[in-house]
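Accompanying notes for the structure given below.
Remember, predicted model here, so these are calculated numbers, not experimental data. Basis for what follows: all heavy atoms, side chains included, without hydrogens, waters or symmetry-related copies.
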Amino acid sequence: MTTTSVWSVDPRTGKQREQVAVEATPQEVDEAVRAAHAARGALADATVRAAFLRAAAALLDESAAHVIEAADAETALGPGRLTGELARTTGQLRAFADAVDAGSYLDIRIDRADPTLSPPRPELRRYKIPLGVVAVYAASNFPLAFSVPGGDTASALAAGCPVVVKAHPDHPATSELCASLLRRAAVATGLPAEVVSVVHGFDAGLELIRHPLVAAAGFTGSIRGGRALFDAAAARPVPIPFHGELGSLNPVVVTPAAAAERAEEIGAGLAGSVTLGVGQFCVKPGLVLVPEGPDGDRITGELTKALGEIEPGVLLDHRMRENFVSGVRERTALPGVDAPVTPGSGGEHTVGAGYLTVRAEQLLEGGAYDVLLEECFGPVTVVVRYADQDEAGAVLGLLGGNLSATLQLSAAETEGAPGPAAALIGQVTGLAGRIVVNGWPTGVAVAPAQHHGGPYPAATSHSTSVGGTAIERWLRPVAYQSVPDALLPPELRESNPLGLPRQVTGG
């Protein structure tokens, strides 16, 4: 059988840098999954799991210079951005270690027997157990935070699930380096290294989702790729949960009152959000509704000025660059679509930022204009000029699910009195998993109350991939009815030997 080498590629030049690994064969995928499955028992001890997550964070921090250098060489995201991303990654690992220590993720509930009820209630004790081996599909645009050591991996390990990661082809060397650090941390805390494994290759990704011992999967990427894996997960003889984060336009609505009050501030903020990370954030605002008239013109004027001052940047790989350039070309060819700052090719290996404009009444025609309602990955956004609230609402009615929706409101509109702003909040709540007011969606705080997901196609489930509740994706509840105390798991015994939080009903 021939082997296909996996190379690290410099996105700044398109040239191969070094051979990193080879694409995994079906047998190698099977071996990785079976080894992970065999390691499940070692993760049962919550104290060891928490120590492992903290040790992994410490090793990543100790190796920061090497990790950032490797990631920058493969992604061109820059040391500044990657330094912040590494801090986020190690912070996630430590936060999930804290969650394991706290134990509330087990959601322990005890209903004591009550024969006086009709019908009588038996003794019921419920908690959550890990699903098993989790397949993680790494993202292109976050080589650390949504890749081998990222949130999917951290939350699955915290839940007690071993992980097999399908590395992204844009950063294979970074993936191998991070995997080696996680495996070292596992061994250092008394766990088998096989609690974390990495495989490479497109075919390996398909083998992974179909493997009968894989119990769930997490994915961050494109609608096309994510939907194919989602369908494969559902078509298995035993379907499995597939938690996919796919595509999102992340609409922004600027009210007339907000435009009148702070047009220049909004235009500058929009430019910064659209171009953050060269427009390669999953929550980049891709569709912005701006009112017609002089105040709206002030917003686009500031946006034009700010984008015109931004230097061309490098996208993650040449395929993405080609898709971006062709996507912009298709959109600007539509009648009535203008490009005050033309996005697209900025050089042989770079792209320039820009934005497009279209009137809402044209967008509402549908047909060829529907392409403007599709995500274009890179530093571009579509500004839709609307005449009134009804027209803005009609445009929002065209949209599918999104990760975020943003409202730019005036000071008076934020005071909470019923009115157009309240109606907008209600409408966008049906479209997105996170609602932002007078901010920008780029930058997703890792916090217990965070939700990073949304209606399809933003995500394939209603869970979050960021924040403390991300651990819930890898657990399932089990109830024990009238089971003698000595036969219960320690987490559910009457004496509560582990000191876990629990909700108790009855005497």
Side-chain angles (χ1 to χ4, degrees), residues 24 28-60 89-90 92-108 127-136 147-167 175-199 208 211-218 240-241 470-478 487-493 497-500:
E28 289 167 335
V29 173
D30 178 65
E31 291 171 352
V33 174
R34 291 187 182 280
H37 183 74
R40 290 175 304 151
L43 286 170
D45 188 322
T47 302
V48 174
R49 291 205 307 277
F52 166 38
L53 293 169
R54 293 189 177 100
L59 277 177
L60 285 162
T89 303
T90 57
Q92 287 178 154
L93 288 161
R94 293 186 175 99
F96 281 115
D98 292 343
V100 172
D101 285 342
S104 59
Y105 70 97
L106 293 170
D107 193 23
I108 298 173
Y127 81 141
K128 294 181 179 179
I129 64 172
L131 292 175
V133 179
V134 170
V136 170
S147 187
V148 172
D152 284 350
T153 297
S155 58
L157 291 169
C161 298
V163 173
V164 179
V165 183
K166 190 274 179 187
S175 298
E176 286 291 328
L177 172 59
C178 291
S180 70
L181 294 171
L182 264 62
R183 289 165 70 88
R184 279 175 53 195
V187 172
T189 50
L191 293 169
E194 290 77 15
V195 294
V196 178
S197 299
V198 171
V199 296
L208 190 57
H211 198 286
L213 294 181
V214 167
I240 60 172
I471 194 173
E472 295 174 0
R473 296 173 296 169
W474 321 119
L475 299 162
R476 70 174 179 88
V478 178
L487 300 180
L488 287 168
E491 292 86 350
L492 297 180
R493 291 177 188 165
L498 302 179
L500 296 169

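Closest of all the heavy-atom pairs between Val198 and Ser175 is CG2-O, 4.4 Å. Closest non-hydrogen pair, Phe96 versus Gly151, comes out as CE1-O, 4.2 Å. Ala215 approaches Leu131 most closely through the heavy-atom pair CB-O, 3.5 Å. Closest of all the heavy-atom pairs between Val214 and Ile240 is O-CG2, 3.5 Å. For the residue pair Val199 and Ala24, the shortest heavy atom distance occurs at CB-CB, 4.0 Å. Glu194 and Arg183 make their closest contact through CA-NH1, 4.1 Å (heavy atoms, listed as atom of the first residue, atom of the second, distance).
The CZ atom of Arg493 sits 12.0 Å away from atom CG of Leu500, with the distance rounded to the nearest 0.5 Å. Here the CG-CZ distance, from Leu213 to Arg34, works out to 5.0 Å after rounding to the nearest 0.5 Å. Note that CG of Leu53 is 10.5 Å distant from OG1 of Thr153, once rounded to the nearest 0.5 Å. Here SG of Cys161 is found 9.5 Å from CD1 of Ile129. Values are rounded to the nearest 0.5 Å.
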Query raised in the report: side chain to side chain contact (heavy atoms under 4.5 Å, CB included) between Arg184 and Leu181: does it pass, once the steps are laid out?
Result: CA-CA 5 Å; Arg184 279 175 53 195; Leu181 294 171; 3.6 Å; yes

Requested in this report: List the steps, then state whether side chain to side chain contact (heavy atoms under 4.5 Å, CB included) holds for Glu472 with Asp107.
Outcome: CA-CA 10 Å; Glu472 295 174 0; Asp107 193 23; over 6 Å; no

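The existence of a salt bridge linking Arg54 and Asp98 is confirmed by a sub-4.0 Å separation between a basic side-chain nitrogen and an acidic carboxylate oxygen.
Although no hydrogens or angles enter the test, the distance criterion places no donor-acceptor pair under 3.5 Å between the side chain of Ser197 and the main chain of Val164. Not a single donor-acceptor pair under 3.5 Å links the side chain of Arg40 to the backbone N or O of Gly132.
Side-chain contact between Leu182 and Leu60 is present, with at least one heavy-atom pair separated by less than 4.5 Å. Residues Leu157 and Val196 have side chains in contact (heavy-atom distance under 4.5 Å, counting atoms from C-beta outward). Residues Val163 and Trp474 are not in side-chain contact: their nearest non-hydrogen atoms beyond the backbone lie 4.5 Å or more apart.
For Arg476, the CZ atom is loosely surrounded, since the number of other residues' heavy atoms within 6.0 Å does not exceed 12.
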